[in-house]
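Single-structure report; data block below.
Everything numeric here is computed off the predicted structure, so don't read it as measured data. Every number for a ligand or one of its atoms is a count from 1 in the order of the listing.
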Amino acid sequence: MNCLSYNIEIDGTVQGVGFRPFIYTLAIRYNLNGTVSNGSNGVEIFINSTPKILKLFISSIKNELPPLASINSISIKEVSSIEFNNFKIIRSQNRDSISVNIPPDISICKECEEELFNPNNRRYNYPFINCTNCGVRYSIIYDLPYDRENTAMREFSMCQDCKKEYNNPLDRRYHAQPIGCFKCGVQLKDKIKDIVKFIDDGKILAIKGVGGYHFVCDATNHIAINRLREKKGRATKPFAIMVKDINMAHEMAYINLKEEELLTSKERPIVLLNSKNIDSAISPNSLRIGIFIAYTPLHILILKELNSPIVATSANITDEPIATKTKDIEKLSNIYDYLIDHDRDIVNGCDDSVVMVIKNQTIFIRRARGYTPVSIKLPFKLKGKILAVGANQKNTIAIAFKDKAIISPHIGDLDAIKSIEYFKDSINNLKRIYQFEPNEVVCDIHPNYESTKYAKSLNIRVKEVQHHYAHIIGVMAEKNLSKEVLGVSFDGTGLGDDGKLWGGEFLISNYNEYKRVAHFKYFKLLGGARAIKEPKRVALSLLFDSLGEDKTLELDNPTTRAFSESEIKTQYLMWKKGLNAPFSSSVGRIFDAIASIVGICQVISFEGESGMRMEEFYNKNITNWYPFQIQENIINIEPLIKEIVQESNIEIAISKFFNTLVEIIYVIYKRYNLPLVLSGGVFQNRILLELVLNKIPTAIIPNKIPINDGGIAFGQIISATREL
Ligand code: ZN
Ligand code: ZN
Ligand code: FE
């Protein structure tokens, strides 16, 4: 035979996903001798082959990939001839973990689900069944390489049967690190039957999931749901619902094809949907609810038996991270009636991911389980090893090297001490797993962000990046846009270069710099931080701006009624003197103000509540908008405020408000002949986002990084020092 020796290097998600046995199977099929191993850049293969067979072999690799594998590049080199008598999987050699992708936690696969319900299978009803194509990964990893002794599974020793599967390259469980069974694996302390009975009886449970505990109750039991609300201190924020399958999801919400695809994907995120038939306690003020399909065998066993949906919400108390350890969940025992625990540790916490679909595009609200820590390719090569510490709210962190960035799962708001600890743990986890020591750290320019303080404590080179610019360049990099864009960042608040609180910004941006070409006229946040929780304060401030003191005092509207007359007078003095009243251009706050003026809410119980409630009042048949002025680069909405206080019809007021924002974006977009990029938390508002995309279909939004502050860390990476 006319055989040559080849060296093939495959880069991508190729470790811990059954890639080597896959190569082994193909080598047997094509009768090729050689070796496969995990190498420095992914997987390395040596084979003896004819050029013709090599071609077939390579095309089979590309076309028959294992479900969780993906390939970035394949390089093939002819090498001087080597002798082989067979084909062998050989052990991982040197490791340069930096270029290796850790696979994320993936939902149960079809084969495992079939076995789970097959009475003849030895894992019939085993709540932790998994294989190489499914199950936990990231959440159980202490260290790389991804071998059993480097995971939480090192506490469990395999039985003979499991060992056989684990060591057989032709078995679906070859090197499936979390492999186990009733005899040798992870054990549930309770019986499924009992768990189902607790839920049926209206009890609140804490159930250990993949990346943390959930609080769970019957999603059709009004009293149970309200009891959970009371105990968790969560007044009105919608709860996510877990269902047993797509059919049950269809009973509860309107679902289009793209949404169905996401719901049933191997990542199984929470998808935000318009609800049909749900208990009013699940989402008291909005039609929108989050639904996800059971993604572990444990959840599937419970839901099949229960045959009704459950509320499944991250087990934490407001502002604190998700509980991952038994000792943490036990501290919350006043919230739940029963704890459903098992004996495998969660090493790396990971919340459920949350997505929505707008005009057939996926938008990440939270990027976590199933998606992290998959790396995102950068449009250029970085010079060193970069750590980006993100914003203060919805924090994520990112590490990056060469042309790859890895974003951590959602960490949360860095307000509580526990959250700050979790933030630091997350950094240490990534550093440990990737053996990563940063030589440059990127943070926000806000000196009081906990993330910024941490960055400055590291004693390495620090780069500071303006918040809204980070929002925009993150999207640019995700979309590989190297030319100038017009970035629109509508946001809660972020510190601007002039020391004011920005959030209604038009930034002409490239990877090096930005120019602020327009922004909303500054208004005063009466009461500083309190204004964020109390929309009525922002509304009052805008009324003073637009109408003055006397007319505001004469006004009888929902905002003024939310204050006593003397309060208004005091607030006026504060406003006039600028006492505890920082300047802001935030569109998030403008949303709050409008919600107050039209009487939807005066005080909010969670971030984004006003915008979410306003969505319900939008009427697409109302197509006109309020007047506004753009002088120089200042957008002035005083004309809007003057008219909206006269409007008694909430639908008209809110619809015209939405339309005005779209028109403002459109007018400024038309001034510059540049691609339009949208980012910032305000664009989580589905009505606003959809309207802008209707008006400007070429507008670019992120589909991989979160559109809110969860995307800031990635944006910060983009301004790190790069190679020329
Ligand atoms: Zn499986
Ligand atoms: Zn076993
Ligand atoms: Fe932001």
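The Zn ion (ligand 2) forms the vertex of an angle spanning SG of Cys181 and SG of Cys162; to the nearest 10 degrees it equals 110°. Taking the Fe ion (ligand 3) as the corner point, the angle from Asp709 atom OD1 to His467 atom NE2 is about 100° (rounded to 10 degrees). Geometry note: the Zn ion (ligand 1) is the vertex, Cys131 SG and Cys109 SG are the arms, and the angle is 100° (rounded to 10 degrees).
For the pair Lys394 and Glu607, the salt-bridge criterion is met [side-chain N within less than 4.0 Å of a carboxylate O].
Both tests do not hold together for Arg148 against Phe156: distance to the six-membered ring centre under 6.0 Å, angle to the ring axis within 45°.
When the N, O or S atoms of Asp491 are ranked by distance to the Fe ion (ligand 3), OD2 comes first.
Classification of the Tyr449-His446 ring pair by plane angle, with boundaries at 30° and 60°, yields parallel.
Atom NZ of Lys110 sits in a sparse spot, with 12 or fewer heavy atoms from other residues, nucleotides or ligands closer than 6.0 Å.
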